[in-house]
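This report concerns only the one structure given below.
Excluded from the calculations below are hydrogen atoms, water molecules and symmetry mates; all remaining heavy atoms, backbone and side chain alike, are included. Letters go in sequence order (proteins before strands), and every chain restarts at 1.
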Amino acid sequence: MTGREALTGRAEEVAPLLLGAVLSHTDDSGTVAVRLTEVEAYAGVGEDPGSHAHRGRTPRTEVMFGPAGHLYAYFTYGMHVCVNVVTGPEGIASAVLLRGGEIVLGESLARERRGSAVPLRDLARGPARLASALGIPLTDTGADLFEPPYALELPATSQPFETSARTGVAGPGGLLEYPWRFYLPGEPTVSPYRAHAPKRTPRAPS
DNA sequence: CGCACGATTTGCT
DNA sequence: GCAAATCGTGCGA
């Protein structure tokens with residue numbers, strides 16, 4: 001079975017396969033590889049309000065509907081890039097957000113991108129940090145992760161993992177929680193669990 | 001055409 | 001612990 005075939009399925013089913021996987025990216029500066037320790041699954045139309053593809057196909061989310069094994073990078077908060085691996089069969093939106101990992105190759109280059117004072121464990125801990133450490137540009141959305149300049153190696157055997165709640169969404173019976181955050185227990189590169197996004201304070205007028 | 005907001009990180013109090 | 005930084009996307013008018 002090829003890596004791409006293994007990734008073709010519902011995001012929450014495929015996500016555990018990405019734990020322990022090694023993603024590498026090469027550009028003019030060199031190569032950085034990360035062993036993934038924390039991921040989050042996002043589904044598609046209707047069932048997952050937390051997903052970008054929740055409302056259907058748009059120019060931005062188009063990649064999420066494509067074949068598995070491709071990159072979905074998006075820009076958020078005006079300053080950050082987050083990376084996903086598209087996992088669903090063609091036509092069904094689903095993706096796995098890479099939330100954290102451990103640098104296994106190219107530490108010096110990653111440190112150059114992230115800042116020299118950053119502790120090793122923090123180099124790729126957090127979605128935007130991971131994207132930054134790997135040097136993934138926003139414009140690489142849609143790139144095939146199984147072709148240069150990318151490489152994705154799935155673990156031979158599934159790693160023992162744990163899950164936790166991802167987001168709370170309003171459902172028929174109240175608040176629903178999706179246990180769609182997956183991580184390798186005991187890894188220092190797993191970000192501490194935060195309940196969910198605190199309520200945003202309104203912008204203070206002058 | 002205009003506006004509100006987000007799958008976050010960082011730094012200051 | 002809290003708030004700012006910053007801009008593309010998507011929805012409403």
Side-chain angles (χ1 to χ4, degrees), chain A residues 10-12 14-16 18-19 23 34 36-66 70-88 93-101 103 110-142 145 163-170 175-183 188-206:
Chain A
R10 295 183 55 85
E12 72 275 22
V14 170
L18 286 168
L19 291 175
L23 174 64
V34 163
L36 304 174
T37 58
E38 181 185 358
V39 300
E40 228 170 58
Y42 286 87
V45 182
E47 59 183 314
D48 183 7
S51 170
H52 285 170
H54 168 227
R55 294 169 198 176
R57 220 183 256 241
T58 68
R60 179 176 64 151
T61 60
E62 179 66 30
V63 206
M64 285 183 71
F65 292 81
H70 288 248
L71 178 74
Y72 169 48
Y74 67 92
F75 186 76
T76 189
Y77 286 89
M79 57 182 81
H80 297 302
V81 175
C82 296
V83 297
N84 298 247
V85 176
V86 174
T87 66
S94 49
V96 175
L97 171 68
L98 310 183
R99 292 195 57 90
I103 303 286
R111 200 178 291 281
E112 195 175 301
R113 289 171 173 148
R114 295 270 301 109
S116 55
V118 179
L120 173 60
R121 69 173 50 170
D122 285 349
L123 280 176
R125 182 173 71 165
R129 292 167 169 180
L130 188 148
S132 171
L134 281 171
I136 297 179
L138 193 54
T139 48
D140 271 9
T141 282
L145 293 176
T163 68
S164 72
R166 197 201 62 196
T167 48
V169 303
L175 195 68
L176 298 180
E177 295 214 329
Y178 294 78
W180 284 359
R181 176 173 170 265
F182 305 79
Y183 59 94
T189 49
V190 173
S191 57
Y193 174 65
R194 272 191 294 200
H196 30 79
K199 181 116 185 175
R200 203 163 312 282
T201 58
R203 271 167 214 154
S206 61

Minimum heavy-atom distance between [X] and [Y], given as atom pair plus value:
X	Y	result
A:D48	A:H54	O-CB, 3.4 Å
A:L123	A:R114	O-NE, 3.0 Å
A:I103	A:A110	CD1-CB, 4.0 Å

Can you check whether any acceptor in the base of B:dA7 is under 3.5 Å from a donor in the side chain of A:Y74, or vice versa?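 Checked by distance alone, the answer is yes.
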
Can you tell me the Watson-Crick or wobble partner of B:dC12, both distances under 3.5 angstrom? C:dG1

Scan every strand shown for a Watson-Crick or G-U wobble partner of B:dA7, both distances under 3.5 Å, and answer none if you come up empty. none

Looking at A:L130, A:L97, A:L98, which one forms a side chain to side chain contact (heavy atoms under 4.5 Å, CB included) with A:C82? A:L97

Give a yes/no answer on whether the side chain of [X] brings an N or O atom under 4.0 Å of OP1 or OP2 in [N].
X	N	result
A:H52	B:dA7	yes
A:T58	C:dG10	yes
A:R55	C:dC11	yes

Counting heavy atoms not belonging to A:R57, are there more than 12 under 6.0 Å from its CZ? yes

Nucleotide [N], atom [atom2] - distance to [atom1] of [X] in whole Å:
X	N	atom1	atom2	answer
A:E62	C:dG8	CD	C1'	17 Å
A:R99	B:dT9	CZ	C1'	12 Å
A:L130	B:dA7	CG	P	18 Å
A:R125	B:dA7	CZ	C1'	18 Å
A:N84	B:dT8	CG	P	11 Å
A:Y77	C:dT9	OH	C1'	14 Å
A:I136	B:dT8	CD1	P	16 Å
A:R166	B:dG6	CZ	C1'	14 Å

Of the nucleotides [options], which has the atom closest to the [X] side chain?
X	options	result
A:T61	C:dG10, B:dT8, C:dG8	C:dG10
A:F75	B:dT9, C:dG8, C:dG10	C:dG8
A:R114	C:dC11, B:dG6, B:dT10	B:dT10
A:R60	C:dC11, C:dT9, B:dT9	C:dT9
A:P59	B:dA7, B:dT9, C:dG10	C:dG10

A:M79 or A:L138: which one's nearest nucleotide on DNA chain C is closer to the 5' end? A:M79

Determine, answering yes or no, if A:Y42 is stacked on B:dA7 under the 5.5 Å centre rule and the 30° plane rule.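 Yes, aromatic ring over the base.
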
Would you kindly check if the NZ (Lys) or CZ (Arg) of A:R60 is within the cone defined by 45 degrees around the ring axis of A:F75 and under 6.0 Å from the six-membered ring centre?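 Relative to the ring axis of A:F75, which defines the angle, A:R60 lies outside at least one limit.
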
